[in-house]
2 protein chains.
Amino acid sequence: MTAGPAGDTDTRTRLLRVALRLFTEHGVEGTSLQMIADALGVTKAAVYYHFKTKDEITEAVIAPGLRELEALVTRASALKRRGAQIDLLLEGFVDLVIRDRALVALFASDPSVARAVWQWNPAATDGFGQALLGVLAGPEPDTTAWVTATVMFTGIAMTGGLPNLAALDDEVLRAELLDVGRRMFGRPRRRD
Amino acid sequence: MTAGPAGDTDTRTRLLRVALRLFTEHGVEGTSLQMIADALGVTKAAVYYHFKTKDEITEAVIAPGLRELEALVTRASALKRRGAQIDLLLEGFVDLVIRDRALVALFASDPSVARAVWQWNPAATDGFGQALLGVLAGPEPDTTAWVTATVMFTGIAMTGGLPNLAALDDEVLRAELLDVGRRMFGRPRRRD
DNA sequence: GTCTATACCTCGATAGAC
DNA sequence: GTCTATCGAGGTATAGAC
């Protein structure tokens with residue numbers, strides 16, 4: 001919001017980095033403003049200067065991921081062939097999930113995050129999650145297509161973040177999630 | 001804990017009913033002991049007489065559902081044919097999800113509930129969720145089977161509780177969830 | 001513009017009177 | 001079995017130092 005070319009590089013950026021780390025470690029609810037302030041070496045009030053509320057911090061932390069997802073949906077929607085749409089969306093989504101599994105777990109399992117996501121979307125009527133599901137489900141989807149897309153979308157996200165599978169190698173999990181998604185949408189199995 | 005034959009029928013039972021309602025409405029975090037006390041017409045301290053901590057209330061609220069799931073897994077494990085195991089488990093689980101969609105949403109999206117579930121299981125090493133997944137994934141499962149089961153299990157639970165689909169009729173959603181699960185595990189489609 | 005000091009209210013939780 | 005009183009910590013908020 002400022003005019004400076006690199007104006008937002010200092011405390012605000014540090015704060016978001018610290019908050020992201022603490023959120024993934026303790027959850028949003030489990031992270032107090034005091035913990036953030038201590039990790040930064042400042043007081044609660046200093047934190048409060050940069051963000052008017054804790055929800056604002058949560059929103060700022062998750063915003064980059066949401067923007068990437070949004071861009072992915074836009075790119076996929078622009079493709080002509082439905083198979084290509086699904087391929088791109090599935091691959092991009094799985095990549096996002098894998099890239100930060102802990103963060104995705106946070107997304108999927110914290111009511112504060114759900115609230116922040118809800119607050120966030122400025123444009124679409126029902127959230128761009130609908131747009132993403134719309135691409136997966138296809139044009140004029142019936143109930144089956146819609147439910148299938150929803151199960152797949154939420155299942156992949158949850159599975160990516162599950163502590164049970166934390167030991168699984170990133171590459172292995174990426175391949176498996178992609179595979180399960182492709183099977184579900186009738187896409188041919190890919191070669192190694 | 002008391003000696004009376006129907007000793008735990010009064011305030012404690014009312015309290016759990018009220019807590020369940022408030023939890024599904026506002027989430028666990030969003031429900032304060034004050035709200036519960038007010039809804040009961042007593043003070044916070046009175047609530048504390050019945051439960052030593054808020055987590056104890058959470059555990060007591062979710063215990064019946066967990067016990068049902070556990071019983072379902074036990075029954076399914078006892079079957080000989082693997083196809084029958086999957087059929088029973090899938091149907092039972094979808095039934096549970098449908099019977100209280102709001103509660104399932106709570107299960108899947110509240111860290112307090114996750115903590116309570118963790119606290120709960122007294123026997124199994126890694127929670128009976130592992131046992132449930134084990135039945136779905138089969139004996140000596142490879143990574144693919146395990147990931148598939150996990151995506152299905154979490155996806156069905158999340159989808160059942162999603163506000164997006166709240167308008168969908170129970171019977172319709174039950175049939176769709178069952179169908180998506182059966183497809184994923186290679187079970188033949190069922191007739192109406 | 002950035003931060004500290006300080007205070008307010010609610011929360012979960014405890015102690016002790018009735 | 002329920003109440004009053006109180007505690008420390010949490011999120012929020014303002015006044016003012018630099």
Side-chain angles (χ1 to χ4, degrees), chain A residues 1-20 22-23 25-62 106 110-116 118-119, chain B residues 1-20 22-23 25-62 106 110-116 118-119:
Chain A
M1 273 325 180
T2 76
D8 51 357
T9 359
D10 244 21
T11 305
R12 194 175 197 274
T13 307
R14 277 176 60 224
L15 197 157
L16 286 180
R17 239 198 335 262
V18 163
L20 171 58
L22 292 174
F23 282 177
E25 277 173 29
H26 311 106
V28 174
E29 186 201 353
T31 303
S32 71
L33 295 184
Q34 191 64 62
M35 290 164 72
I36 298 178
D38 288 349
L40 250 64
V42 296
T43 61
K44 268 201 302 179
V47 171
Y48 208 77
Y49 167 76
H50 293 281
F51 297 93
K52 298 226 169 305
T53 141
K54 193 183 181 183
D55 281 354
E56 242 183 52
I57 300 181
T58 309
E59 285 177 42
V61 165
I62 66 179
L106 186 66
D110 209 301
S112 310
V113 175
R115 211 183 325 138
W118 198 250
Q119 215 83 21
Chain B
M1 273 325 180
T2 76
D8 51 357
T9 0
D10 244 22
T11 304
R12 194 173 196 274
T13 307
R14 277 177 60 223
L15 197 158
L16 287 180
R17 241 202 330 265
V18 162
L20 172 58
L22 291 175
F23 282 175
E25 278 174 26
H26 311 106
V28 175
E29 187 202 352
T31 303
S32 70
L33 296 184
Q34 191 65 64
M35 291 164 71
I36 297 178
D38 288 349
L40 251 66
V42 296
T43 61
K44 267 201 303 179
V47 170
Y48 267 100
Y49 170 77
H50 295 279
F51 296 93
K52 297 219 172 312
T53 141
K54 191 184 182 183
D55 281 354
E56 240 183 55
I57 300 181
T58 308
E59 285 177 44
V61 164
I62 67 179
L106 186 65
D110 209 301
S112 310
V113 174
R115 212 183 324 139
W118 197 251
Q119 215 84 20

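Predicted model, so just to flag it, every value in this text is computed and none were measured. Residue numbers begin at 1 in each chain, while the letters A, B, ... track the order of the sequences. Any value given below was found using the heavy atoms of this structure, including those in side chains, with hydrogens, waters and symmetry copies removed.
- Atom OH of B/Tyr49 and atom P of C/dA15 are 16 Å apart (whole Å).
- What separates CG of A/Asp55 from P of D/dG10 is a distance of 17 Å, to the nearest Å.
- Within residues 31-47 of chain B, the residues approaching DNA chain D are B/Val42, B/Thr43, B/Ala45, B/Ala46, by heavy-atom distance under 4.0 Å.
- Distance, A/His50 NE2 to D/dA13 P: 17 Å, rounded to whole Å.
- Contact of the A/Ser112 side chain with the A/Lys54 side chain is not registered, since no non-hydrogen atoms from C-beta on lie closer than 4.5 Å.
- For the pair B/Arg14 CZ and D/dG1 P, the computed distance is 13 Å after rounding to whole Å.
- Here B/Glu25 pairs with B/Arg21 under the salt bridge (Lys or Arg N to Asp or Glu O under 4.0 Å) rule; sequence neighbours left out.
- Note on B/Thr53: a side-chain N or O is less than 4.0 Å away from OP1 or OP2 of C/dA13.
- Shortest non-hydrogen contact noted between A/Leu22 and A/Thr31 is O-OG1, 3.2 Å.
- Checked against B/Arg17 for a side chain to side chain contact (heavy atoms under 4.5 Å, CB included), the options B/Leu20, B/Thr13, B/Leu15 give a single hit: B/Thr13.
- When rounded to the nearest whole Å, the span between CD of B/Glu29 and P of C/dT10 equals 17 Å.
- Comparing the start and finish of the helix from C/dG1-D/dC18 to C/dC18-D/dG1, five pairs each, the helix axis swings through 0°, to the nearest 10 degrees.
- Rounded to whole Å, the distance from OH on B/Tyr48 to P on C/dG12 is 6 Å.
- In this structure A/Thr58 satisfies the side-chain hydrogen bond (donor to acceptor under 3.5 Å, both in side chains) test with no other residue, sequence neighbours excluded.
- You'll find the side chain of A/Val61 stays beyond 4.5 Å of the side chain of A/Val113, heavy atoms only.
- We find that CG of B/Asp10 is positioned 8 Å from P of D/dT2, with the value rounded to whole Å.
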Between side-chain atoms of residues 33-53 of chain B and protein atoms elsewhere (two or more places apart, or another chain), which donor-acceptor pairs fall under 3.5 Å?
from    : atom 1 : to      : atom 2 : distance (Å)
B/Gln34 : NE2    : B/Asp38 : OD1    : 3.2
B/Thr53 : OG1    : B/Asp55 : N      : 2.9

